[in-house]
Amino acid sequence: MSNDVVACSGSLKLGTRELTRSNRIVHAMAASMEAARGSGAKHIILVHGACHGGWSWYKVASRLRSEAAGLSYHVAAPDLAASGIDGRRLSEVPTFRDYTAPLLDVLRSLPEGEKAVLVGHSLGGLSVALAAELFPEKVAAAVFLAAFMPDCVSPPSDVVLKNGARSNYTPLDNEMKPQDADGKLPSSFMFGQQFTEQMLYQLCSPEDITLGKSLMRIGSLFLEDLQIQPPFTKDHYGSVRKVYVVCKQDETIPEEHQRWMVANNPVDEVMEIDGADHMAMLSTPDQFVRCIIDIAKRYS
């Protein structure tokens, strides 16, 4: 596998009687993908990070739908469980697989022979990795945007814990605390206002910072569950083509840690965006869309 760098800057649970609103949305995405089958459509699925939702992709999704329309790509940005407008409470999502279920449902619904480019941001990288582990035949490429990218040797939690163990890591006012007294549920997690402004969205517009603060929900990093999971396998997740997009001004998962993950788990291609903070889909959407269009053309 090659690690040549390409710059992208200037140049579900179903109820037997009734579906929840969030599940209807997932099924609407699946129905839309099924309807596109006859047109030879390909798929780009955008996967958000912790405490966020499909809303965080609004700039990228709208640009992709416009620019990729002539290329017959269907673009989806599902809400993972207990995220965005998904109706579940965090206490109803005990495992990382439960959390990722909406993505798995959408991928499972793809017609036989069709594949998707999966794009994971931040913690969404682990959701993409899980999807690639379970459905490698349905993944054209796994794209990691300033995302946690696991290897095939250590538990999935390893890349998250190593980032938190950095000597210069500063959690500021982020909060992680138990959900229940007996520890059966994963600890909850929420980005603090100060961390959001200084480390997460520091290069975003004031409007996007306000949007993020308004729409973020208490989530989880699911470390308790991820620490007891086996490594992903070389035959499944390891066989999927991978692209890592480095965000050079990221203060949440710094460039140093991003490049360590690439060195630890070599990918097919490395791209980079200069001027991007952790929320590159908001701070540098045009550059990132160019990356995705390029990846979709070459890896589909």
Once you round to the nearest 0.5 Å, how far does [atom1] of [X] lie from [atom2] of [Y]?
| X | Y | atom1 | atom2 | value |
| --- | --- | --- | --- | --- |
| E224 | S187 | CD | OG | 4.0 Å |
| M199 | Y169 | CE | OH | 8.0 Å |
| C152 | N264 | SG | CG | 10.0 Å |
| I209 | S283 | CD1 | OG | 10.5 Å |
| F222 | L126 | CZ | CG | 11.0 Å |
| I292 | K297 | CD1 | NZ | 13.0 Å |

So, for [X] and [Y], which heavy atoms are closest and what is the spacing to 0.1 Å?
| X | Y | answer |
| --- | --- | --- |
| A131 | L118 | CB-CD1, 3.8 Å |
| L172 | Q198 | CD1-OE1, 3.9 Å |
| I253 | A146 | CD1-O, 3.4 Å |
| R63 | V289 | CB-CG2, 3.8 Å |
| F144 | G125 | CE2-O, 3.4 Å |
| P186 | S220 | CB-OG, 3.5 Å |

Has the side chain of [X] got a donor or acceptor atom that lies under 3.5 Å from a matching backbone atom of [Y]?
| X | Y | result |
| --- | --- | --- |
| Y73 | A296 | yes |
| E92 | R89 | yes |
| R166 | N163 | yes |
| K234 | S239 | no |
| S62 | Y58 | yes |
| H43 | L107 | no |
| T100 | R97 | no |
| K242 | Y237 | yes |
| D277 | L203 | yes |
| D98 | A101 | no |

Kindly check if the number of other-residue, nucleotide or ligand heavy atoms within 6.0 Å of [atom1] ([X]) is above 12?
| X | atom1 | result |
| --- | --- | --- |
| E175 | CD | no |
| R217 | CZ | yes |
| E256 | CD | no |
| I218 | CD1 | no |
| K213 | NZ | yes |

Set out, in order, the CA-CA distance, both residues' side-chain angles and the distance that settles side-chain hydrogen bond (donor to acceptor under 3.5 Å, both in side chains) for D225 and T95, then state yes or no.
CA-CA 6 Å; D225 179 53; T95 70; 4.7 Å; no
Side-chain touch [X]/[Y], heavy atoms, less than 4.5 angstrom:
| X | Y | value |
| --- | --- | --- |
| D274 | Q249 | yes |
| H48 | L80 | yes |
| L130 | F232 | yes |
| E255 | D250 | no |
| P102 | R88 | yes |
| L185 | V93 | no |
| M271 | I295 | yes |
| T196 | M216 | yes |

State whether R259 and E272 are salt-bridged, where the test is any N-O pair (Lys NZ or Arg NE/NH1/NH2 against Asp/Glu carboxylate O) under 4.0 Å.
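Result for this pair is yes, salt bridge flagged.
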Give a yes or no on whether a salt bridge exists between K59 and D208, defined as a side-chain N under 4.0 angstrom from a carboxylate O.
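Yes, this pair counts.
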For side-chain hydrogen bond (donor to acceptor under 3.5 Å, both in side chains), just list the numbers for Y299 and D294, CA-CA rounded to whole Å, side-chain angles, deciding distance to a tenth of an Å, and then say yes or no.
CA-CA 9 Å; Y299 288 82; D294 183 50; over 6 Å; no
Might you work through the salt bridge (charged side-chain N to carboxylate O under 4.0 Å, His left out) test for D286 and R290, ending with a clear yes or no?
CA-CA 6 Å; D286 292 328; R290 285 197 289 272; 5.7 Å; no
Do Q179 and S91 pair up side chain to side chain, a donor and an acceptor below 3.5 Å, judged on atom types alone?
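Distance-only check fails for Q179 and S91.
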Mutual orientation of the aromatic rings belonging to F191 and F189 [parallel < 30°, tilted 30-60°, perpendicular > 60°]:
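F191 vs F189 ring planes: perpendicular.
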Please state whether the rings of H52 and H121 are parallel, tilted or perpendicular, taking 30° and 60° as the class boundaries.
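Rings of H52 and H121: perpendicular, over 60°.
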Can you list the steps and then say if R298 with E269 is a side chain to side chain contact (heavy atoms under 4.5 Å, CB included)?
CA-CA 11 Å; R298 291 189 292 109; E269 188 172 359; 2.9 Å; yes
Any chance you could lay out the side chain to side chain contact (heavy atoms under 4.5 Å, CB included) test for Q194 and N174, step after step, and finish with the verdict?
CA-CA 8 Å; Q194 187 180 6; N174 290 346; over 6 Å; no
Kindly determine whether L110 and K115 satisfy side chain to side chain contact (heavy atoms under 4.5 Å, CB included), including the steps that lead there.
CA-CA 7 Å; L110 291 182; K115 294 187 176 186; 5.8 Å; no
Working for side chain to side chain contact (heavy atoms under 4.5 Å, CB included), residues L221 and F148
CA-CA 11 Å; L221 302 181; F148 291 117; 5.9 Å; no
